[in-house]
Each structure stands twice: as structure tokens, then as C-alpha cells.
Trainee: 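To start, I am sharing the structure in question, which I have written as C-alpha cells.
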Amino acid sequence: MHCSELTAHGAGRGINAEESASLLAAWRRDLARLLADDLSGLLSGDRLDVSIAEPDRISGADALRRIGPIAANSLLRVGASGETALLSFDFATAIALTDRSFGGDGRITGAVPDALPRSAALLAEETATMIAGAITRASFGDMPPPAGMTTRGEVIVRSESAARLKPFSLEAEALLFTLDIANRQGCTWRASLAIAADRMARVLPGGGRRARARAVRPPATGMAAPFADMPLPLHVVLAQFDLSLARLQTLSPGDTIPLVMGRQVPLLVGDTTLAHGSVGTCEDRMAIRLTRLPVPAFAEGVAP
């Protein structure tokens with residue numbers, strides 16, 4: 001039996017509201033900084049200022065109503081544990097971003113088409129992929145990711161209808177973030193990022209890490225992957241002879257140089273002798289029969 005003060009901070013209850021708010025604020029700052037760097041190359045090298053406001057805590061249904069019936073929507077997989085999130089640009093913003101990526105001024109002007117042009121759809125997907133990767137990297141905070149764990153996010157699927165992507169339950173609480181991306185020429189582009197409230201804790205630093213047992217790996221040998229399939233050029237030296245420099249300078253087409261072939265010829269890998277053998281034929285092709293194979297250190301596991 002424990003008092004309520006102890007159990008309120010126990011593992012079953014998680015971190016308190018103040019700690020959660022602090023983690024969320026740090027995550028927003030880290031994500032804004034990463035996005036300012038990552039998206040610059042996509043937008044003609046602009047120096048960007050990205051701000052992410054505190055999220056609105058609303059129902060999933062209200063989040064979809066805010067996004068609207070038609071937008072450039074991407075369902076993302078983000079964070080260390082692969083949570084899903086919804087990223088949305090309205091059509092006017094997607095077209096303006098595309099214009100800027102091709103060197104235009106990137107201003108939102110004119111009538112908005114009913115369907116998104118192919119170029120704008122591709123640009124929206126590329127931007128969403130970058131944002132997914134930044135969210136994932138921000139989820140590790142100041143700690144490096146575990147060995148072998150990817151820090152890339154991804155776009156799972158796109159749709160002009162956010163409701164069709166089913167990013168969260170309509171009745172459940174969702175966090176709706178507003179991302180403002182501004183350049184130094186006075187343009188501001190806005191995106192919406194929505195995450196189910198019960199998944200947000202796993203996107204924050206430290207929330208999505210899962211302890212994994214380290215697998216016992218056998219020592220690497222030449223008979224195991226990835227080394228077993230590595231091609232090694234071998235060559236056989238049939239004869240060697242000495243020739244003076246003076247004689248070498250007088251050689252001309254038609255000269256004959258007698259060769260003496262030994263009974264045993266070496267099989268080499270580079271300058272290292274792998275084996276010795278005798279020269280013969282096999283199925284009308286010249287061949288070498290191995291007769292002696294001294295195993296060097298690098299060829300451990302090769303049987304004679």
C-alpha cells in the first residue's frame with residue numbers, strides 16, 4: 001500500500017502535466033529548428049523561420065473539420081515507435097510552395113484549382129517526407145538513436161480527403177499543431193499537423209524507445225554473409241622468367257621467348273598465394289587441379 005503522492009508519479013501514471021508541457025515545448029522548438037534547416041534546400045535555398053504554436057486539444061472530428069474536406073493530406077509514420085500523424089496543406093499553400101521551389105516568389109495569389117496539379121502533389125509529398133523525418137529526429141531529443149534504428153520518417157499514404165486516411169478516432173482527443181514556415185522575403189506558408197493525444201507521449205523524447213534484447217551474433221567468417229558472396233579475382237602464374245633490360249629493349253614482333261612451366265603453379269589472390277596445383281584440362285578447357293592449399297589467416301574456414 002502506498003500513499004497517493006507516490007502513486008501519482010509512478011510508472012503506471014507517467015509524467016505529470018508540468019513535465020509533459022515542458023517536454024512538448026522543447027520538442028516544438030527542436031522540430032522548428034530542424035524544419036528551418038531541412039526545408040531550406042527545397043525552397044530555393046531560402047533562409048527560413050519556422051514556428052510551431054501550442055497545440056489545440058480538440059476531438060478528432062473537430063480536427064478534420066478544421067483541415068477541411070479537400071487538402072493535400074499525408075498520413076505520416078513518425079517517432080521512434082512509428083506513430084501515425086496527419087500533415088495537411090491547403091491547395092493554395094501547396095501551389096505556392098511549388099512555385100517557390102521552382103524559383104518563383106511563392107506568394108499565394110489567384111484562384112485555387114479544384115484539383116491539385118501533379119507538380120504540386122509531388123512537392124507536397126516531398127515536403128511531408130522531410131517533415132516526417134524531422135519529427136522522428138526530434139523525438140530522440142539530445143540522445144542518439146539506438147544502433148540500427150532508423151531516424152527517417154515516411155509518408156504512408158496521401159489523399160485529398162483527410163477523413164479517408166482515418167488518422168485517429170473521431171471521438172478521441174487530438175492535438176492540432178499549426179506550423180508557420182516563413183522566408184526572409186515576406187512569404188509565410190502554413191501547414192497543420194494532427195496527432196492523436198494518446199500517441200503524442202510516444203513521439204516526445206524518450207517516449208517511444210523500446211528496450212530490445214541484444215542478439216548474440218556469431219563471429220564473422222569468410223563462409224558467412226556478407227563476406228561469403230564477395231567476389232575475389234584469382235590468377236594462376238603459369239611461368240616466370242628473367243629478362244635483361246637490354247634484351248627487353250630489343251624485342252620486336254615475331255621474337256620467341258622460351259618458357260619453362262613448373263610441375264606446380266601458384267594460385268594467387270592479389271600477391272598472396274592461396275594454393276598450388278598442376279595444370280591440365282577439364283572438358284576440353286584448360287584447368288588447374290589443386291594439390292596443396294596452405295590456409296592463410298584471411299581464408300579461415302576454407303577446407304583443402
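Treat the numbers as computed from the prediction; the structure is a model and nothing was measured. What's counted below: heavy atoms across the whole structure, side chains too, no hydrogens, waters or symmetry copies.
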Trainee: Any side-chain donor paired with an acceptor under 3.5 Å for D46 and S40?
Mentor: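 No, S40 and D46 have no side-chain donor paired with an acceptor closer than 3.5 Å.
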
Trainee: Do the side chain of D37 and the main chain of L35 share a donor and acceptor less than 3.5 angstrom apart?
Mentor: no

Trainee: So, S139 side chain and G79 main chain: donor-acceptor pair closer than 3.5 Å or not?
Mentor: no

Trainee: Here's a test for you: under side-chain contact (heavy atoms from CB on, under 4.5 Å), which of T178, I181, L179 qualifies with R190?
Mentor: T178

Trainee: Do T250 and R247 have side-chain N/O donor and acceptor atoms under 3.5 Å apart?
Mentor: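 There is such a pair (donor and acceptor under 3.5 Å, judged by atom type) between the side chains of T250 and R247.
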
Trainee: Scan L48, L97, L123 and name whichever one has a side-chain contact (heavy atoms from CB on, under 4.5 Å) with L42.
Mentor: L123

Trainee: Apply side-chain contact (heavy atoms from CB on, under 4.5 Å) to V236 and list each qualifying residue two or more places apart in sequence or on a separate chain.
Mentor: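 V236 satisfies side-chain contact (heavy atoms from CB on, under 4.5 Å) with L238, V265, L267, I288 once adjacent residues are dropped.
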
Trainee: I'd like to know whether L86 forms a side chain to side chain contact (heavy atoms under 4.5 Å, CB included) with L165, so could you lay out the CA-CA distance, the side-chain angles of the two residues, the decisive distance to 0.1 Å, and finally the verdict.
Mentor: CA-CA 8 Å; L86 177 66; L165 297 178; 3.7 Å; yes

Trainee: Please check this pair: side chain of N183 against backbone of Q185, looking for a donor-acceptor N/O pair closer than 3.5 Å.
Mentor: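 Yes, N183 side chain to Q185 backbone: donor-acceptor pair under 3.5 Å.
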
Trainee: Has the side chain of W189 got a donor or acceptor atom that lies under 3.5 Å from a matching backbone atom of R107?
Mentor: no

Trainee: Please confirm whether the backbone N or O of H276 pairs with a side-chain atom of T291, one donor and one acceptor, at under 3.5 Å?
Mentor: yes

Trainee: Please say whether more than 12 non-hydrogen atoms of neighbouring residues, nucleotides or ligands are located less than 6.0 Å from CD in E54.
Mentor: no

Trainee: Please step through side chain to side chain contact (heavy atoms under 4.5 Å, CB included) for the pair L193 and I135, ending with a clear verdict.
Mentor: CA-CA 11 Å; L193 176 68; I135 293 172; 3.8 Å; yes

Trainee: Return the set of residues passing salt bridge (charged side-chain N to carboxylate O under 4.0 Å, His left out) with R33 (not counting sequence neighbours), or none when no residue passes.
Mentor: D30

Trainee: Check for a donor-acceptor pair, side chain of S159 on one end and backbone N or O of S161 on the other, with a separation under 3.5 Å.
Mentor: yes

Trainee: For the residue pair W27 and F140, is the inter-centroid distance of their aromatic rings smaller than 6.0 Å?
Mentor: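 That pair fails the under 6.0 Å test.
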
Trainee: Backbone N or O of E18 within a donor-acceptor pair of the S22 side chain at under 3.5 Å?
Mentor: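 Such a contact is absent between S22 side chain and E18 backbone.
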
Trainee: Do the side-chain N and O atoms of T84 and R199 include a donor-acceptor pair separated by under 3.5 angstrom?
Mentor: yes

Trainee: With a 3.5 Å distance limit and no angle check, can you tell me whether S101 reaches the backbone of T98 through a side-chain donor-acceptor pair?
Mentor: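 Confirmed, S101 side chain pairs with T98 backbone.
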
Trainee: Using a strict cut-off of less than 4.0 Å between a Lys/Arg side-chain nitrogen and an Asp/Glu carboxylate oxygen, indicate whether D38 and R137 qualify as a salt bridge.
Mentor: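 Answer for the salt bridge query: yes.
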
Trainee: Ignoring hydrogens and angles, tell me if any N or O in the side chain of R100 forms a donor-acceptor pair with the backbone of D105 under 3.5 Å.
Mentor: no

Trainee: Under the criterion side chain to side chain contact (heavy atoms under 4.5 Å, CB included), I'd like the reasoning laid out for I58 against R65: C-alpha separation, chi angles, the key distance, then a yes or no.
Mentor: CA-CA 11 Å; I58 55 180; R65 275 193 288 270; over 6 Å; no

Trainee: Test side chain to side chain contact (heavy atoms under 4.5 Å, CB included) on F168 and E173; report intermediate values, then the result.
Mentor: CA-CA 9 Å; F168 31 65; E173 184 182 47; over 6 Å; no

